[in-house]
Amino acid sequence: MTADETIKGKADTPSPFFRLETIKKRADFKAANGGPRFSTPGFTMLRAPAAATDRLRFGFTVTKKLGKAVLRNRIRRRLKAAVQAMLKAESASLAGQPMDLVILARQAAADLPFETLSRDLGRATLTLAKRGSEAGKRG
RNA sequence: CCAGUCGGCCGGGCGACCGCGGCAUUUUAUGUCGAGGAAAGUCCGGGCUCCAUGGAGAGACGGUGGCGGCUAACGGCCGCCGAGGGCGACCUCAGGGAAAGUGCCACAGAAAACAAACCGCCGGGUUUUUUCCCGGUCAGGGUGAAAAGGUGCGGUAAGAGCGCACCGCGCCGCUGGCAACAGCGGUGGCAGGGCAAACCCCACCGGGAGCAAGACCGAAUAGGGAUGGCGCGUGCCGCAAGGCGCAGGGUUCUCCGCCCGAGGGUUUCGACCCGUGACCAUCCGGGUUGGUUGCUAGAGGCCGGGUGCGAGCCCGGUCCCAGAUGAAUGGUCGCCACGUUCCUGCGCAGGCAGGGGCCAUACAAAACCCGGCUUACAGGCCGACUGGAUUU
């Protein structure tokens, strides 16, 4: 079932938009601190008030409080993979929306089913995209 | 077959889809490589880098501590010796010095160290006896982790290395060994407790900091320096320091506000020199975010041969085997293997067969690189050896 769908997904020509771009600068992470946020069991997503680039970027924060290196790596990689799956599913609604989103991992991200994680990411991203643009109109 | 000791190794496999980071290219798509035995703890030892340093030595501080070897080096490893433990294979040991000095040795006990007599034993004195006093004694009792070597015989008033034999210990000699040390012989009646992971003494070793080392490039903003531009006029108050104005300069076009001053020397009266000031221009140096480099071919892996008891060493062949930096090496599945557990059937039993379950798979992820040590680890494999049982 799932395998069939993914095969179909591959048949579509992959747009460069699917490529996951990550935030790497400390300043960009700090910029998202005060912005709107959306929480789910697996993570908290923050949106920077202003995007630093004209692209959609994601930053991943996994604190040492969550566990040792092995567990932290697993959490970060699952979240990255889930974001990529989500981007594929929501590509239409997200096209051309520059945003900086920071994902703050929580403990449950290691054990939650992958589909739940991916679906929550989609909800969070779309919600924050709407909220951010409204704030932009007001300001 | 049971119980055990030691050593070595593995620590999921195959496939599908979607991805990530290096490096190559025929430059955007393909190829290729991409975590561990501990990558961990950061406890030692090296390489490398910068800093310090005239040479050498001493002191201080820190480390090491049987002997010999291996190694780039080590606190590591190998072999051997000694002591202790185990029936044994084997295991454990900071294993130099206690007649250089200082210190400590709780409780108990008479006494814990220029020794010491509580009970007891023996002798003498006293007393009718009990008792008391003096002396001898450490064999016995009692205390303790530890009490002036142990056992036996002699000896004695009772005893005691007081004498003797054996064992132990010290010293001397010989033999074996590179040595630690061992063996043998002689000799001494016995030296006078333990703790040196207490200070200490002796021998040996050590300059410090670390890849966030170090090198290079270098934004905005602020600050530093140099040169040039422009300015340094005047009134009132005040002894003075200074204050208040006017004019001028600067501050985005204007206004407000704010900031600015210090003159002196030479003169052919054109100016020049020195000083000073907010500001402007140009340049220079430092420097944060960031980027590049250091950055992976090495005391390297594998195979074969030689050599050594061994750690290892030598020779030949062959291979290139992670280089990330908010940090790649993954995510989601399928099948299999292994594990575990439940049910059913068979069997006296060890167990065997079939089926189902486990969000089923330990400990843990490079961060400059090596050699070690230590610690963590589901489960499994192999080899050598020891003790016992059974069978022939």
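The chains referred to below are lettered A, B, ... by the order of the sequence lines, with proteins before strands, and numbering in each begins at 1.
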Let's test this: given Watson-Crick or G-U wobble pairing with both distances under 3.5 Å, identify the partner of [N].
N        : answer
rC272(B) : rG265(B)
rG354(B) : rC343(B)
rA3(B)   : rU386(B)
rU143(B) : none
rC80(B)  : rG66(B)
rU130(B) : none
rA241(B) : none
rA110(B) : none

Given RNA chain B, 5'-ward residue of the pair V62(A) and L71(A), judged by closest heavy atom: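 That would be V62(A).
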Contact nearer the 5' end of RNA chain B, comparing K24(A) with A82(A): K24(A)
Integer angstrom distance from the [atom1] of [N] to that of [M]:
N        : M        : atom1 : result
rA106(B) : rC202(B) : C1'   : 33 Å
rU126(B) : rC134(B) : P     : 16 Å
rG372(B) : rA38(B)  : P     : 9 Å
rU175(B) : rA180(B) : P     : 16 Å
rA362(B) : rG379(B) : C1'   : 8 Å
rC302(B) : rC10(B)  : P     : 11 Å
rG261(B) : rG248(B) : C1'   : 11 Å
rA35(B)  : rG21(B)  : C1'   : 13 Å

Sort out for me which residue in I103(A), L104(A), T61(A) forms a side-chain contact (heavy atoms from CB on, under 4.5 Å) with F43(A).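 Single side-chain contact (heavy atoms from CB on, under 4.5 Å) partner of F43(A) among I103(A), L104(A), T61(A): I103(A).
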Rounded off to whole Å, could you give me the [atom1]-to-[atom2] distance for the [X] and [N] pair?
X      : N        : atom1 : atom2 : answer
F58(A) : rC20(B)  : CZ    : P     : 15 Å
N73(A) : rG326(B) : CG    : C1'   : 12 Å
K64(A) : rG326(B) : NZ    : P     : 14 Å
R74(A) : rA35(B)  : CZ    : C1'   : 17 Å
R72(A) : rA40(B)  : CZ    : P     : 13 Å
R76(A) : rA324(B) : CZ    : C1'   : 11 Å
R78(A) : rC333(B) : CZ    : P     : 8 Å
L46(A) : rG326(B) : CG    : C1'   : 15 Å

R57(A): what forms a salt bridge (charged side-chain N to carboxylate O under 4.0 Å, His left out) with it, not counting sequence neighbours? D28(A), D100(A)
My understanding is that only residues two or more places apart in sequence, or in another chain, count here; which of them pass salt bridge (charged side-chain N to carboxylate O under 4.0 Å, His left out) with R123(A)? D120(A)
May I have the step-by-step check of side chain to side chain contact (heavy atoms under 4.5 Å, CB included) for M45(A) and F58(A), ending in yes or no? CA-CA 10 Å; M45(A) 187 183 277; F58(A) 289 86; 4.2 Å; yes
So, does T22(A) get its side chain near the phosphate of rA327(B), meaning an N or O under 4.0 Å from OP1 or OP2? yes
I want to check one thing: is the phosphate of rG19(B), taken as OP1 and OP2, less than 4.0 Å away from some side-chain N or O of R77(A)? no
Under the rule syn = chi within 90° of 0, otherwise anti, which is [N]?
N        : answer
rG37(B)  : syn
rA220(B) : anti
rG270(B) : syn
rC336(B) : anti

Sequence neighbours left out, what passes side chain to side chain donor-acceptor pair (under 3.5 Å) with N73(A)? Give chain and number order.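 Testing N73(A) for side chain to side chain donor-acceptor pair (under 3.5 Å), a comparison that skips the adjacent residues, returns R76(A).
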Smallest separation among heavy atoms of [X] and [Y], with atom names:
X       : Y       : answer
S118(A) : A85(A)  : OG-CB, 3.9 Å
R78(A)  : A109(A) : NH1-O, 3.1 Å
R47(A)  : L101(A) : CB-CD2, 3.6 Å

Quick one: which residue pairs count as a side chain to side chain donor-acceptor pair (under 3.5 Å) with a foot in residues 62-72 of chain A, not counting sequence neighbours? none
Report, one pair per line, the protein and nucleotides 290-295 of chain B atoms (nitrogen or oxygen only) whose separation is under 3.5 Å.
none

Can you list the residues that meet the side chain to side chain contact (heavy atoms under 4.5 Å, CB included) rule with L126(A), with sequence neighbours excluded?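 Only E90(A), S93(A), L94(A) meet the side chain to side chain contact (heavy atoms under 4.5 Å, CB included) criterion with L126(A).
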Counterpart residues, side chain to side chain contact (heavy atoms under 4.5 Å, CB included), relative to A105(A) (two or more places apart):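 Expected list: V62(A), L66(A), I75(A), L79(A).
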Shared-cluster residues of L46(A), by chain and number - hydrophobic side chains joined below 4.5 Å: I23(A), F29(A), V102(A)
The correct set of residues in residues 104-114 of chain A placing a heavy atom under 4.0 Å from RNA chain B is D111(A), F114(A)
